[in-house]
Structure formats: structure tokens, C-alpha cells
Amino acid sequence: EPGPVGVISQSGGGARRIAYSSALRGIRFSKVISYGNALDLNESDFLDYFLEDPKTKIVLVYIEGVKDGRRFFEALKRTASAKPVIILKGGRCKSGMRAIATHTASMASSMAIWEALISQSGAVLAKTFNELIDLAAGFNFLPPIEGRRVGIAGGGGGATVLSADYCEEAGFDVIPLPDDIREQLRQKGVPIWDWIGNPADMSIMRGSGITVGDLVELMEVDPHFDLLITILRLSHRRTQVGISAEAYLKNYRLEERMRKPLFAVVDERSVGVEAYDGWSLGFTADVKAKLVNARIPSYPTVGRAINVAGK
């Protein structure tokens with residue numbers, strides 16, 4: 001399947017990893033280019049190409065070193081001014097720089113120089129393959145994030161406390177639940193209307209007549225929130241073997257929107273862990289696939305989601 005993401009990789013294995021791992025997150029590609037030690041065409045040529053390519057809306061780059069630093073900076077600045085460019089730099093430390101010599105023999109300079117170059121060009125820096133793919137999913141699915149007021153619904157107890165910490169540490173404002181929403185909850189007859197806050201703790205909401213989906217819906221239309229995070233507690237569905245992903249997501253009403261940027265946090269499942277049976281693994285995969293269809297990016301933790309929001 002074709003898609004809007006272009007890849008420039010100075011590693012053949014890296015190109016494969018980006019393509020295969022990103023595909024599981026709903027990302028599809030216009031072109032994936034592996035250029036090795038750049039004997040003929042190099043990173044600047046490909047940046048200029050993707051700038052003009054109408055099929056490419058987002059550019060991912062794995063790079064170890066450059067042939068011409070000035071030309072690369074100018075090409076990167078031109079492309080990043082028109083499209084999101086996300087860069088994973090290989091060889092950030094001394095041992096990594098030594099490895100470059102035997103891999104592509106590129107010129108590798110200090111990471112401080114690279115960070116300044118990427119920042120001044122308007123590109124986005126990723127530090128790991130996972131972060132590169134996380135960022136690709138965010139830019140691929142979400143509208144621009146225009147503010148730092150975040151609403152969080154789902155999870156319970158300590159998870160909500162920590163999610164608030166992660167967001168605030170990342171520079172976001174976890175605002176109190178607005179009075180307008182509290183009043184709407186009171187008018188709906190929700191008995192704990194004055195207890196529910198932001199983050200909205202799901203553990204106190206059982207039997208109250210209000211669901212996580214209800215709160216996400218209220219937050220979405222409220223002007224006080226710029227982005228939303230919903231935490232899907234899939235581990236609690238093991239007692240409901242046979243429930244479909246469609247039925248589960250109806251409780252969150254995630255497939256009916258979204259006008260505001262929305263991040264879904266979905267538990268990671270590890271094959272071989274006895275507590276996660278075959279049904280549970282398949283159910284999680286179905287939920288993630290439905291989120292992709294709804295153009296909602298999913299992340300295994302709130303920390304990874306809010307890192308993408310910040311960048």
C-alpha cells in the first residue's frame with residue numbers, strides 16, 4: 001500500500017526496520033531509499049527530491065554523516081520548512097562514531113553540532129528507532145497541536161497521578177476540569193460530578209453513569225483543552241473473552257471523531273507471558289488496527305505519547 005511517508009536511510013537494515021515496524025502502526029510509504037556510503041547520490045540530493053515530491057508529506061531520515069555540511073543544512077532547512085522532517089542520527093557518542101568508520105565511512109561530527117543544525121533547520125530529532133516511529137505516527141495521523149492544555153481520561157489510581165506528572169514534566173498544563181464540564185455532569189445526574197477531575201480517574205467512575213468516552217467527548221468540545229489522551233485498560237478485558245474490538249471501542253467512542261489531537265495509550269502485550277493469553281493478544285491487535293482506521297495514533301505509555309506531542 002502506498003502512503004505519504006518518505007524514508008532516507010544510510011543503512012539498508014535501518015530502512016527495512018523503519019518500513020516494517022512503521023507498517024504495524026498504520027504508516028505507509030511513498031519511497032524508501034537506502035543509500036549506504038553515498039558514492040553517487042547523497043542525503044542532500046534525496047532531501048531536495050522529497051521536497052518536490054507531491055506524494056511525500058513526511059520525511060524520515062536515518063543518517064550517520066554527511067558529504068557536504070553546508071549543502072546538507074540548506075537542503076534540510078528548505079525541506080523542513082515545507083514538510084515535517086524527523087531525523088535519527090547514528091553515531092552520537094565516541095563508540096558510535098568509531099562504528100561509522102567501518103559502516104559507511106562518513107564524516108561524523110559532535111552531537112552538539114548536529115543538535116544545533118537540526119534545531120536551526122526546523123527538523124525534529126529522534127534518539128531511537130522507536131521514537132522515530134512514534135513521531136512518524138503522530139505527524140501522520142494528527143492535526144497540528146496548537147496549545148499545551150491537555151485532558152486525560154482513563155486509567156486508575158496511581159496511573160492517573162503519574163500521567164499528570166509525565167505531562168507536566170514535558171511542559172504541558174494538566175488543567176483542572178472546567179466548571180462547564182462539572183455542571184454538565186451534575187445536570188446528567190452523575191453522583192460524583194464534583195469528584196471527577198483531570199486526569200479523570202476511571203477507578204472512581206464505575207457505576208456512576210459516566211464513562212471515559214463521555215468525558216473524552218466533553219473535553220473534545222470544550223475550548224479549554226488543546227489535546228487529549230485516553231488510556232485504554234485492555235488488561236481488564238480478560239474477564240470478557242469474546243468481546244469484539246468494535247464493541248470495546250464503542251465505550252470510548254473514539255471512531256466517531258476527532259477534531260482535536262487525540263493520543264490513545266494501549267497496554268503493551270508480551271508473547272510468552274502467561275497472564276496474556278492468545279485471545280488477549282489478538283484482541284489488543286484488533287483494537288490497535290481499529291485505532292489506525294480511525295486515524296488515532298496509539299502508544300504503549302503516556303510518557304511516549306506526550307513526548308510526541310511536545311515535539
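Computation of the quantities below employed the complete heavy-atom set of this structure, encompassing side-chain atoms and omitting hydrogens, waters and symmetry-equivalent molecules. Along the sequence shown, residues are numbered consecutively beginning with 1.
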Any Lys/Arg nitrogen of R149 or D226 sitting under 4.0 Å from an Asp/Glu carboxylate oxygen of the other? yes
Quick one: closest heavy-atom pair of P143 and K260, and the distance? CG-C, 4.3 Å
Within this structure, what is the CG-CG distance for the pair L232 and L291, rounded to the nearest 0.5 Å? 6.0 Å
Report the C-alpha distance between L125 and E115 in whole Å, list the side-chain angles of each, state the deciding distance to 0.1 Å, and finish with yes or no for side-chain contact (heavy atoms from CB on, under 4.5 Å). CA-CA 8 Å; L125 178 65; E115 288 175 349; 3.9 Å; yes
With a 6.0 Å cut-off (strictly less than), is the heavy-atom count around CD of E183, excluding the residue itself, greater than 12? yes
Can you name the side-chain hydrogen bond (donor to acceptor under 3.5 Å, both in side chains) partners of K311, sequence neighbours left out? E131
A side-chain contact here means heavy atoms from C-beta on lying under 4.5 Å apart; do I58 and L60 qualify? yes
Could you walk me through whether S244 and F283 pass the side-chain contact (heavy atoms from CB on, under 4.5 Å) check? CA-CA 7 Å; S244 68; F283 175 70; over 6 Å; no
Any donor-acceptor pair under 3.5 Å from R28 side chain to A23 backbone: yes
Separation between CD1 (I8) and CD1 (I33), nearest 0.5 Å, reads 6.0 Å
Check: W114 ring centre within less than 6.0 Å of F72 ring centre: yes
Distance in Å, L177 CG paired with L185 CG, rounded so as to fall on 0.5 Å steps: 6.5 Å
Would L142 and I231 show up in the same hydrophobic cluster when neighbours are defined by side-chain heavy atoms closer than 4.5 Å? yes
May I have the step-by-step check of side-chain contact (heavy atoms from CB on, under 4.5 Å) for D179 and R182, ending in yes or no? CA-CA 5 Å; D179 290 338; R182 291 180 180 276; 4.1 Å; yes
Counting only N and O atoms by type, is there a donor-acceptor contact under 3.5 Å from the side chain of R259 to the main-chain atoms of V221? no
Could you tell me the separation between the CD1 atom of I27 and the CD atom of E1, rounded to the nearest 0.5 Å? 13.0 Å
Within a reach of under 6.0 Å around CZ of F29, are more than 12 heavy atoms found that belong to other residues, nucleotides or ligands? yes
With a 3.5 Å distance limit and no angle check, can you tell me whether S22 reaches the backbone of A19 through a side-chain donor-acceptor pair? no
Any sub-3.5 Å donor-acceptor pair from K31's side-chain atoms to V7's backbone N or O? no
Sub-4.5 Å side-chain heavy-atom contact between V59 and I86: no
Check whether S121 reaches the backbone of I118 with its side chain - one donor and one acceptor, N or O, closer than 3.5 Å. yes
Does the side chain of S298 reach to within under 4.5 Å of the side chain of V265, using non-hydrogen atoms? no
Quick one: does K57's side chain have a donor or acceptor within less than 3.5 Å of a partner on P4's backbone? no
So do the side chains of Y35 and L41 get within less than 4.5 Å of each other, counting heavy atoms only? no
Taking salt bridge (charged side-chain N to carboxylate O under 4.0 Å, His left out) as the test, write out the residues that go with R16, two or more places apart. none
Close side-chain approach of L228 and V150, heavy atoms under 4.5 Å: no
Hey, any chance I175 and L215 share a hydrophobic cluster, counting ILVMFWY side chains that come within less than 4.5 Å of each other, even indirectly? yes
Measure from the side-chain N and O atoms of T160 to the backbone N and O of D201, and report whether any donor-acceptor pair falls under 3.5 Å. no
Return the CG to CZ distance between D68 and F73, rounded to the nearest 0.5 Å. 13.0 Å
Listed by chain and number, what are the side-chain hydrogen bond (donor to acceptor under 3.5 Å, both in side chains) partners of D45, not counting sequence neighbours? R71
Is V174 reachable from F172 through a run of hydrophobic residues whose side-chain heavy atoms are each under 4.5 Å from the next? yes
Looking at D194 and R186, is there a salt bridge between them, counting it only when a charged N and a carboxylate O are closer than 4.0 Å? no
Joint hydrophobic cluster, L51 plus V85, side-chain heavy atoms closer than 4.5 Å: no
Has R304 got its NZ or CZ under 6.0 Å from the middle of the six-membered ring of Y299, at an angle within 45 degrees of the ring axis? no
Check step by step if side-chain contact (heavy atoms from CB on, under 4.5 Å) holds for N198 and F225. CA-CA 11 Å; N198 178 36; F225 294 104; 3.7 Å; yes
If you measure from the Lys or Arg side-chain nitrogens to the Asp or Glu carboxylate oxygens, is any gap between E43 and K67 under 4.0 Å? no
Is there a donor-acceptor pair under 3.5 Å between the side chain of S9 and the backbone N or O of S11? yes
Measure across G6 and T56 and return the closest heavy-atom pair with its distance rounded to 0.1 Å. N-CG2, 3.7 Å
Parallel, tilted or perpendicular, as decided by the 30° and 60° cut-offs, for the rings of F129 and Y62: parallel
What are the two closest heavy atoms between N140 and G26, and how far apart are they? ND2-O, 3.8 Å
Note, D134 side chain near L132 side chain (heavy atom, < 4.5 Å): no
I need the minimum non-hydrogen distance between I152 and M219, along with the two atoms involved. O-CE, 3.9 Å
Side chain of N293, backbone of K290: donor and acceptor closer than 3.5 Å? no
Is there a donor-acceptor pair closer than 3.5 Å between any side-chain N or O of K127 and the backbone N or O of L88? no
In terms of hydrophobic clusters joined by side-chain contacts under 4.5 Å, are V302 and I145 together? yes
Kindly compute the distance separating CG (L162) from CD (E169), expressed to the nearest 0.5 Å. 9.0 Å
Mind checking whether V292 and K288 have side chains closer than 4.5 Å, heavy atoms only? no
State, with a plain yes or no, whether a side-chain heavy atom of F141 is found less than 4.5 Å away from one of P261. no
